[in-house]
> 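There's a structure below that I have some questions on.
The sequence lines fix the lettering, A, B, ..., with proteins before strands; numbering per chain opens at 1. A quick note: this is a predicted structure, and the numbers were derived from the prediction, not measured.
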Amino acid sequence: MTGRPLETLLRDLNEKQRLAVEHGEGPLLIVAGAGTGKTATLAHRVAYLIAQGSDPSRILLLTFTRRAAAEMLRRVDSLLRHLGSVERDESRPTSAAPLPLRQASNRVWGGTFHAVATRLLRLHGRAIGLDPSFTILDRSDAEDLLGVLRTELGLAKSDRRFPLKSTCMDIYSRCINAREPVEEAVENYFPWCRDDVGDLRKLFSLYVDRKGTQGVLDYDDLLLYWHGLLSDARAGAAVRRRFDWVLVDEYQDTNALQAEILQMLTPDGKGLTVVGDDAQAIYSFRAATVRNILDFPARFPSTTIVTLEQNYRSTQPLLRATNAVIAETSERYAKELWSARGGGTRPQLVICQDEDEQTEALIRQVLEHREAGLALRRQAVLFRASHHSLALELELARRNIPFRKYGGLRFVETAHVKDLLTFLRLAENPRDLMAGTRVLMLLPGVGPKKARALMDRLGSRVVSSERMHPEPAASDRESAAAVARAEAPAGPEAEDESEAPESAEALRAVDTRGESSPWSAWRACPPPSAAAAAHWRDLVELMSLIGGRRPGDLASQIHQVRLFYAPLLERLYDNARARLLDLQQLEYLAARFNDRARFLAELALDPPSYSEDFAGPPLLDEDFLILSTMHSAKGLEWDVVYVIHAADGNIPSDLATGRADEIEEERRLFYVALTRAKDWLYVFYPLRYYSYPRSFSDVHGYAQLTRFLPPHVQSLFDVRQAGGPATADDASRAGQPGKASTEGQVTLEDIRRRLKAFF
DNA sequence: TGTTGGAAAATTTTT
DNA sequence: TTTTCCAACA
């Protein structure tokens with residue numbers, strides 16, 4: 001490419017950003033403070049690589065959410081588009097970029113670790129004996145499976161109380177993601193389960209087995225098997241060969257397993273770029289460790305570190321305050337953020353008598369800003385826990401102020417949506433026990449027992465049909481073929497389309513012979529109960545259709561399920577009308593997808609959130625106030641930010657003050673919230689708050705102002721009483737406390753065996 | 001199977 | 001307070 005268009009690309013960057021964008025192949029760590037143009041830098045780097053002639057389909061861009069991936073690729077696209085037009089203007093043909101620059105961003109591999117893992121496993125899984133038609137258990141399915149096994153092992157009935165299934169899941173998940181043995185994880189994070197370690201091991205081992213026989217993967221498996229794929233000599237090499245460049249966003253929120261995956265993907269760090277801010281590490285509850293970013297240079301000795309400190313988001317008075325908050329942290333990459341933006345008002349600390357006054361003052365302030373011309377959607381209310389916004393939501397609804405909440409109840413977690421999706425999942429994978437059980441129990445007169453019996457019949461049929469077609473434990477010849485296919489020089493899109501249906505084919509092929517279709521096992525059964533008689537035949541027909549060779553397009557499959565499910569829904573749940581509308585919504589949503597497996601995976605890995613519940617009728621201009629948990633606010637920015645419930649017990653959360661590092665994380669979370677603001681920042685501090693553990697009617701007494709705002713930090717705020725103007729008296733009052741191996745062939749069995757040895 | 005009551009435990013953030 | 005688990009019953 002000629003020099004000038006590249007110059008155009010780099011023009012808007014500052015010196016440091018430019019350094020990062022133009023950096024060559026060596027491992028690169030970009031330490032990017034809040035608001036320092038991290039996303040822009042990463043997007044520029046991707047665009048730069050493409051403009052220089054890198055093949056976009058050989059670039060892997062790992063982000064934290066799908067939303068982040070989409071945003072990043074949108075920016076890459078717009079940069080390239082701009083570049084293209086510059087060239088046209090100068091009527092200079094592109095020499096170094098063989099592909100049309102437009103649409104190049106579509107070819108980049110972008111997504112979360114989990115989503116990318118899913119894609120790679122569908123492509124290469126066979127090489128380690130993984131049937132690519134696996135379905136994904138979401139968190140609650142995985143918990144339910146653990147619950148079943150917990151009962152099966154007789155752990156539920158013991159005289160001592162065994163940990164709840166959700167706790168079991170947490171422990172299991174931490175072991176996998178942090179790569180810690182059970183004892184260690186339990187000792188450090190779940191000490192009250194110390195006596196149950198032996199039984200937990202048994203439980204986890206069985207859990208691994210069952211997922212295997214059912215062809216299901218939970219979230220952790222996606223990463224674990226990606227890791228396994230990379231440990232396999234052949235498949236690992238094939239996966240490594242796919243990518244020239246690997247870029248990772250939000251590196252501070254990756255866990256040990258993910259760090260290992262990266263290292264196996266680029267053993268010497270060649271082509272590896274990670275971006276993150278240790279000051280914004282807030283996902284340790286998901287086993288993320290800030291050590292990854294702190295130790296990156298040690299892991300990849302030739303690392304270049306670029307630190308971005310110029311903040312483009314906030315005004316200087318806001319930065320002074322946020323810098324002071326984070327300065328208390330002990331170990332960090334030292335950064336002093338500064339802004340070229342002049343002027344601006346100081347942040348405000350608003351002291352309220354109680355939650356009602358907080359709500360009142362907040363809404364007044366929001367409306368005031370809107371009067372002054374700031375749309376609601378440029379203002380956001382942030383809080384520690386999802387339920388902290390409840391009172392506010394009710395009041396907003398009452399006053400007809402539209403809002404949208406992020407991080408609340410999710411659409412796909414509502415029972416009826418889940419039910420419907422479960423039909424599809426069962427059609428996709430008849431071995432999926434949790435899916436089958438859920439579907440069958442919808443029938444009147446069918447409980448766990450009968451459901452289990454019917455699933456066993458189905459399962460035996462599937463297994464026996466597989467014996468006729470040796471499927472798992474693929475022969476060398478077969479896995480070699482799979483690798484060869486995956487490496488065919490087509491774009492990733494084309495491959496995915498051709499691969500996924502083929503895997504599902506394996507199961508459905510049996511259907512042509514009619515008798516051996518898995519569903520024929522059900523066809524032969526009498527209705528499981530008298531009450532279910534009316535539905536049984538229809539269910540068998542439905543599953544034979546959507547689980548057969550010609551299921552029809554996705555929307556029509558959902559339509560078929562709806563026809564069957566609607567009467568059951570009306571029997572099972574109240575509020576049937578609204579629920580049926582949701583299902584219709586889902587059918588529309590599905591029209592955008594043609595591949596069922598991908599649809600299910602996307603919904604499981606990044607479910608859309610559900611917000612209409614309490615929101616008032618949408619205004620004409622579709623303006624709405626943003627409500628978000630602090631976690632979900634990561635990476636976003638607004639002109640005005642309101643942080644509510646900023647009192648000890650909520651920030652830091654009562655539940656996270658056990659250990660010093662937990663308090664540090666709460667501080668970073670608070671910091672993330674504060675640094676979302678561009679021009680105005682309000683921190684609301686209710687003196688009285690209601691504390692959940694005791695009771696809703698029990699006033700917890702005078703709250704202690706969050707320990708993250710000691711006097712010298714408070715002095716950077718304007719302190720005022722919610723009722724009136726700020727006074728020196730208020731200021732003083734606020735300060736007062738009240739109260740692997742990388743060699744040789746690896747099979748799925750190997751991974752499981754190793755895993756079980758682990759337990 | 002499906003419902004009910006009582007006792008005990010957990011209580012946040014989310015791929 | 002709410003959720004979850006379990007045992008006893010219809």
Side-chain angles (χ1 to χ4, degrees), chain A residues 62-69 111-118 136-140 142-144 147 150-151 155-167 169-170 173 176-177 190 192-193 217-223 250 253-255 257-258 281-288 382-388 406-410 413 440-441 443-451 528-532 572 601-607 609 628-634 645 649-657 662 665-666 668-669 672-673 690-698:
Chain A
L62 292 162
T63 54
F64 199 71
T65 61
R66 188 176 48 190
R67 192 169 58 183
T112 60
F113 272 86
H114 293 83
V116 168
T118 307
I136 299 171
L137 293 184
D138 67 21
R139 170 77 192 209
S140 77
E143 277 178 15
D144 288 346
R150 186 171 170 276
T151 315
L155 298 172
K157 280 200 181 179
S158 58
D159 32 339
R160 226 171 8 87
R161 196 78 164 193
F162 196 72
L164 291 186
K165 58 184 180 182
S166 59
T167 311
M169 190 75 241
D170 284 339
S173 200
I176 301 297
N177 286 294
F190 309 88
W192 63 92
C193 303
L217 270 58
D218 62 20
Y219 289 152
D220 303 329
D221 287 334
L222 293 171
L223 298 183
E250 307 284 8
D253 284 323
T254 54
N255 59 43
L257 180 54
Q258 289 167 322
I282 55 175
Y283 276 89
S284 72
F285 69 91
R286 238 171 63 192
L382 306 183
F383 34 87
R384 175 66 179 85
S386 201
H387 67 262
H388 286 167
Y406 292 108
L409 180 64
R410 280 146 185 272
E413 279 161 19
L440 289 166
M441 297 223 307
L443 301 175
V446 178
K449 239 192 174 126
K450 283 181 181 167
S529 76
L572 289 168
E602 292 229 354
L603 285 185
L605 295 178
D606 195 1
S609 59
S628 173
T629 60
M630 295 178 178
H631 282 90
S632 299
K634 184 164 90 160
H645 284 297
N650 292 329
I651 308 176
S653 167
D654 268 339
L655 303 160
T657 50
E662 287 179 317
E665 173 136 329
E666 293 289 306
R668 294 191 295 262
L669 186 57
V672 166
Y690 303 101
S691 170
Y692 182 52
R694 300 201 175 174
S695 100
F696 262 90
S697 55
D698 182 16

> Atom NE2 of H645(A) and atom P of dT11(B): how far apart are they, to the nearest Å?
20 Å

> Give the intermediate values and the outcome of side-chain hydrogen bond (donor to acceptor under 3.5 Å, both in side chains) for residues S166(A) and E143(A).
CA-CA 6 Å; S166(A) 59; E143(A) 277 178 15; 5.0 Å; no

> Compare side-chain N and O positions of S632(A) against OP1 and OP2 of dT14(B) and report whether any pair is under 4.0 Å apart.
yes

> Rounding to an integer number of angstrom, what distance separates dC5(C) and dT12(B) when you compare their C1' atoms?
23 Å

> Which of these nucleotides, dT1(B), dT15(B), dT13(B), is closest to any side-chain atom of A385(A)?
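Taking heavy atoms from C-beta onward, the closest nucleotide is dT13(B).
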
> Whole Å only: how far is the CD1 atom of I282(A) from the C1' atom of dT12(B)?
12 Å

> When you measure from the side chain of R150(A), which nucleotide among dC6(C), dT12(B), dT14(B) comes out closest?
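The closest nucleotide is dC6(C).
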
> Is there a side-chain contact between S386(A) and the phosphate of dT13(B), meaning an N or O under 4.0 Å from OP1 or OP2?
yes

> Return the orientation label for the H114(A) and Y219(A) ring planes: parallel under 30°, perpendicular over 60°, tilted otherwise.
perpendicular

> dT14(B) P sits how many Å from L605(A) CG, rounded?
16 Å

> Would you indicate, yes or no, if dT1(B) has its OP1 or OP2 atom less than 4.0 angstrom from a side-chain nitrogen or oxygen of S529(A)?
no

> Of the non-hydrogen atoms in P528(A) and K450(A), which two are nearest, and what is the gap between them?
O-NZ, 3.0 Å

> Between D170(A) and R286(A) (salt bridge meaning N to carboxylate O under 4.0 Å), is one present in this structure?
no

> Calculate the interatomic distance between L257(A) atom CG and dT15(B) atom P; express it in whole Å.
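So the two atoms are 17 Å apart, to the nearest Å.
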
> Determine, step by step, whether F285(A) and H631(A) satisfy the ring-ring contact (aromatic ring centres under 6.0 Å, His included) criterion, reporting the C-alpha distance in whole Å, the side-chain angles of both residues, the deciding distance to 0.1 Å, and the verdict.
CA-CA 12 Å; F285(A) 69 91; H631(A) 282 90; 5.4 Å; yes

> Could you pick out which residue, G445(A) or F113(A), lies toward the 5' side of DNA chain B when each is mapped onto its nearest nucleotide?
G445(A)

> When you get a sec, tell me which of dC5(C), dT1(B), dT14(B) is the closest nucleotide to the side chain of L164(A)?
dC5(C)

> Does P163(A) or E665(A) map to a spot on DNA chain B nearer the 5' end, using the closest nucleotide for each?
P163(A)

> Contact class for Y283(A) (heavy atom, under 4.0 Å): base, sugar-phosphate, or nothing?
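Sugar-phosphate only.
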
> Who does dC5(C) pair with, Watson-Crick or G-U, both distances under 3.5 Å?
dG6(B)

> Any strand counts, and the cut-off is 3.5 Å on both contacts for Watson-Crick or G-U wobble. Which nucleotide pairs with dT15(B)?
none

> State which of dA10(B), dT13(B), dT15(B) makes the closest approach to the side chain of W192(A).
dA10(B)

> Over 60° means perpendicular and under 30° means parallel, so classify the ring planes of F64(A) and Y283(A), tilted if in between.
tilted

> Rounded to the nearest angstrom, tell me the gap between atom CD in E143(A) and atom P in dT14(B).
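Taking CD of E143(A) and P of dT14(B), I get 15 Å after rounding.
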
> Rounding to a whole Å, what distance do you find between L382(A):CG and dT13(B):P?
14 Å

> Out of dC6(C), dT1(B), dT13(B), which nucleotide sits closest to the side chain of K450(A)?
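Of the candidates, dT1(B) comes closest.
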
> Whole Å only: how far is the CG atom of D170(A) from the P atom of dT13(B)?
13 Å

> Starting at CG of D144(A) and ending at P of dT3(C), how long is that distance when rounded to a whole Å?
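D144(A) atom CG is separated from dT3(C) atom P by 16 Å.
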
